[in-house]
Amino acid sequence: MTGSGRDTDKDFREVELLRFSGKTAIVTGGATGIGAVYAEALATEGANVAIVDIREPEGESLAQNLYDRTSGNSVFINTDVTQNEATIAMARKVVNQFGSIDILVNNAAVYLDLGHKKPFDEISLEEWEKVMAVNVRGIWHCVKAVFPYMRRQRNGKIINISSVVAYTGAAGFAHYVASKAAVIGLTRALAKELGSSNITVNAVAPGLVSNDASRQLNEEKYLEQATKMRSLPRAMKQEDLVGAVLFLASPDSDFISGQTLIVDGGTVMD
Ligand SMILES: NC(=O)c1ccc[n+]([C@@H]2O[C@H](COP(=O)([O-])OP(=O)(O)OC[C@H]3O[C@@H](n4cnc5c(N)ncnc54)[C@H](O)[C@@H]3O)[C@@H](O)[C@H]2O)c1
């Protein structure tokens, strides 16, 4: 929600205690694609969800939809994660509205907008910088923005979205692959630094999801090939990622940090 003046006190509607009741989650890149599925799952499980994205109409409409259908208070906050000050303002807004930030899902990325595959030496400097700015620097900004609040409450769950391409490589997207490998390194570094504040930092590395973005970026044959390589030989759905993200956001993973959970139907075995 951005200033629509909607009543956010929904305690009267809460009928049962859900897994994330009373918790506040930020999902970056939550307006569309897989991020929207994480936002929906967290809200359905009772969390107040801040959908942080640059796609305002989609974000507003999802927030309204979740607000209407779930017990949590969902809001949309238009924020470009490449802008440090904007992420600080976003975190302040979330705390002013909900009182805490318990979960941060760093999902925003240049993926759909990568455009067509191209050899590594044909990627422009601008394209390279953009992918790194959103996919890596954006995570750094968002973690910096939420850290003061999580440190104060001595509790926090940070989940960074990487990709199996960090393990397998992938031709045609050198900047994207490099960025997703950096997410794993950053996750490990932050886990070491934030652990003393009782904050866990983990990553999820999804396999190739058969969603709109992947279909635009890859030929159908490529998706079929990925399916064949899985231990569980079927198309991967966006929903296949929800269990891993919710586990890493829940107290069930309180003693797990710095890890990358590969969710790809058993293709890559690290
Ligand atoms: N789809 C797949 O097969 C797949 C596989 C592995 C990993 N992933 C990762 O999962 C995540 C979601 O994937 P997707 O398929 O939904 O991708 P997508 O490109 O469809 O969605 C990305 C979202 O991030 C938002 N975003 C982009 N730049 C932003 C910025 N500067 N500030 C804030 N928000 C911004 C977009 O508006 C969009 O809502 C990404 O991190 C992606 O790299 C996807």
Side-chain angles (χ1 to χ4, degrees), residues 26-41 50-63 76-87 89-91 104-115 127 129-142 145 159-170 173 175-184 186-187 203-220 222-223 225-227 230 235-242 244-245 260-265 267-268:
I26 294 170
V27 181
T28 71
T32 67
I34 310 173
V37 176
Y38 301 143
E40 162 128 27
I51 297 161
V52 167
D53 207 300
I54 46 175
R55 292 185 209 260
E56 179 142 357
E58 293 92 335
E60 279 286 10
S61 129
L62 178 63
F76 171 69
I77 305 175
N78 191 337
T79 309
D80 180 345
V81 297
T82 67
Q83 303 302 308
N84 192 43
E85 293 300 320
T87 60
M90 174 276 290
L104 167 66
V105 183
N106 280 310
N107 164 84
V110 178
Y111 177 62
L112 170 66
D113 293 339
L114 282 171
E127 288 169 323
E129 301 285 27
K130 173 83 194 293
V131 167
M132 290 298 166
V134 179
N135 299 12
V136 187
R137 185 151 57 83
I139 294 183
W140 178 52
H141 287 160
C142 289
I159 300 119
N160 300 325
I161 305 301
S162 175
S163 167
V164 285
V165 296
Y167 297 87
T168 60
F173 293 132
H175 47 351
Y176 178 76
V177 176
S179 76
K180 290 298 176 178
V183 171
I184 296 175
L186 183 57
T187 298
V204 170
L208 186 66
V209 180
S210 291
N211 66 355
D212 293 344
S214 296
R215 278 200 206 88
Q216 279 194 42
L217 294 170
N218 303 285
E219 287 176 11
E220 198 54 43
Y222 190 81
L223 288 158
Q225 208 180 347
T227 296
R230 294 187 177 121
M236 181 166 167
K237 298 174 286 182
Q238 301 192 126
E239 290 71 18
D240 288 321
L241 290 155
V242 165
V245 169
T260 301
L261 190 44
I262 298 171
V263 182
D264 71 345
T267 310
V268 175

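Numbering of ligands and ligand atoms starts at 1, following listing order. What you are looking at is a predicted structure, and each value in this text was computed from that prediction instead of being measured. Along the sequence shown, the residues carry numbers beginning at 1.
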Matching residue for Val263 among Val209, Val242, Val245, Leu241 - test: side-chain contact (heavy atoms from CB on, under 4.5 Å): Leu241
The side-chain contact (heavy atoms from CB on, under 4.5 Å) partner of Thr28 among Leu104, Thr79, Asp53 is Leu104
Do Arg55 and Asp113 pass the salt bridge (Lys or Arg N to Asp or Glu O under 4.0 Å) test, and can you show the C-alpha distance, the side-chain angles, and the key distance before you say yes or no? CA-CA 13 Å; Arg55 292 185 209 260; Asp113 293 339; 3.4 Å; yes
Before accepting this row, confirm whether a basic side-chain N of the pair Arg137/Asp80 lies closer than 4.0 Å to the acidic partner's carboxylate O. no
Residue shell for ligand 1, any heavy atom closer than 4.0 Å, reads Gly29, Thr32, Gly33, Ile34, Asp53, Ile54, Arg55, Thr79, Asp80, Val81, Asn107, Ala108, Ala109, Tyr111, Leu112, Val134, Ile161, Ser162, Ser163, Tyr176, Lys180, Pro206, Gly207, Leu208, Val209, Asn211, Ala213, Ser214
Can you check whether Trp140 reaches Asn84 side chain to side chain, under 4.5 Å on heavy atoms? no
Looking at every non-hydrogen atom in both residues, tell me the closest pair between Asn106 and Cys142 and how far apart they are. OD1-CB, 3.4 Å
